[in-house]
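Worksheet: the structure to be examined is printed underneath.
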Protein chains: 2
Amino acid sequence: MPQGFHGELSQVGGTLVTMAKAVRETMRQASTALLTTDHTSAQLVLERGAEITVLFRLVEDRVYDLVGRRRLSPAELPVTMTAVRVAADLERMGELAVHVARSALRRHPAPAVAPELTTLFAAMSEVADRLAGKVVAALADQDAVLAAGLDQDDDAMDQLHRRLFAVMLSPDWPLGVEAAVDGALLGRFYERYADHAVNVAGHVVDLARPAGEARSPR
Amino acid sequence: MPQGFHGELSQVGGTLVTMAKAVRETMRQASTALLTTDHTSAQLVLERGAEITVLFRLVEDRVYDLVGRRRLSPAELPVTMTAVRVAADLERMGELAVHVARSALRRHPAPAVAPELTTLFAAMSEVADRLAGKVVAALADQDAVLAAGLDQDDDAMDQLHRRLFAVMLSPDWPLGVEAAVDGALLGRFYERYADHAVNVAGHVVDLARPAGEARSPR
């Protein structure tokens, strides 16, 4: 069944939504593994991380195939290439979920998160999930307004990240070096996850822009 | 002056070499800033990081322009797109150098690296520089054999990274939580830098492969 450019591009868009949903679910499971020391969840995350990479390659192959077959206009080409960037950011989010799960597995059956930090990491994982949920919705509906609203959640993540360091570096920190090192790395994984979610949102905003306008410097 | 596909692509390749050289120099300065608490070097790194991002956009724009104007063959297109991936990895390496410099600035005029870790970080920065040097040479000469040789240096980096954690998490660690948290994050920056150098090398190997063969799953 022959399809126009927009039909083919929207097929790629469908794969991006699938990817974003998988990324969200994977980080959820990673957070569960982290906060409840659930070994099965952690193992599942590793498998799903590999699936997300396969989806990334699928998007790349489809885009290259599309670009190779059609002579795209100067407006169509950047839009098409943006799909690859979105996929790359989503893949990186999946990788960060895998890093969280690996941290959980490394300390299993002990918790990788010190009891003093559980509340903070629960909050970070909630913000991460909210960001991923908005990414899914923004991609599914090509909703630039929704995409622009991610900055607030990103600020919330940055605040939690700063509070995490304040707790660990305070003279009252009751735990040792290992708990703080784990906390620092885990904090960075969640913070980077949020950054990549914001990148995806930025691309959605670019995609919604009428052809000819400059893209944002992301 | 009209140019063929290969002429245009080699122009892009020239920009990638420029980028790789800038990335190498930037990480060198970041390491100097880190190990000698040199404020001026750290400031320079922030400026050069911005320049590297500009070069990344230049590569993207040129590739999109090239792909948009020419009807590339199924063999030419992936090669062309690989340039964007290389540029993205190099940009990320530049960002990691900026993270190192920011860590140095955050503790300035105190050193961000505890005296106990100076030797390890000096070794990590040497391996990072060796990797970057090979990336420059492999890109400049399209040398797949040289590119394949990066794995050894990456192993060296992983070993140093593991040793770093062993030192910080040993019961003999004489310093507090802050020094270990700084060390953990800095260690991760150097390790990721090496990972991205290996990615670039993998792309060079792909580029050197005769058209039609499958690319490696990077």
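Numbers restart at 1 for each chain; the letters A, B, ... are given by sequence-line order, proteins then strands. Computed from a prediction, not measured in an experiment: that's the story for all the values here.
For A:L77, the part lying near chain B is the side chain, with the backbone staying farther off; criterion is any non-hydrogen pair under 4.5 Å.
Considering only heavy-atom pairs separated by less than 4.5 Å from chain A, the leading option among B:R192, B:M168, B:E178 is B:R192. In terms of heavy-atom pairs under 4.5 angstrom with chain B, the leader among A:L175, A:D65, A:L72, A:L185 is A:L185.
For B:R102, the CZ atom counts as loosely surrounded, since its 6.0 Å shell holds 12 or fewer non-hydrogen atoms of other residues, nucleotides or ligands.
To the nearest 0.5 Å, atom OH of residue B:Y64 and atom OG1 of residue A:T80 are 9.5 Å apart.
A pairwise comparison of heavy atoms in B:V177 and A:A180 identifies CG1-CB, 3.2 Å as the closest pair.
B:R92 is not listed as a side-chain neighbour of A:R92, based on a closest heavy-atom distance of 4.5 Å or more.
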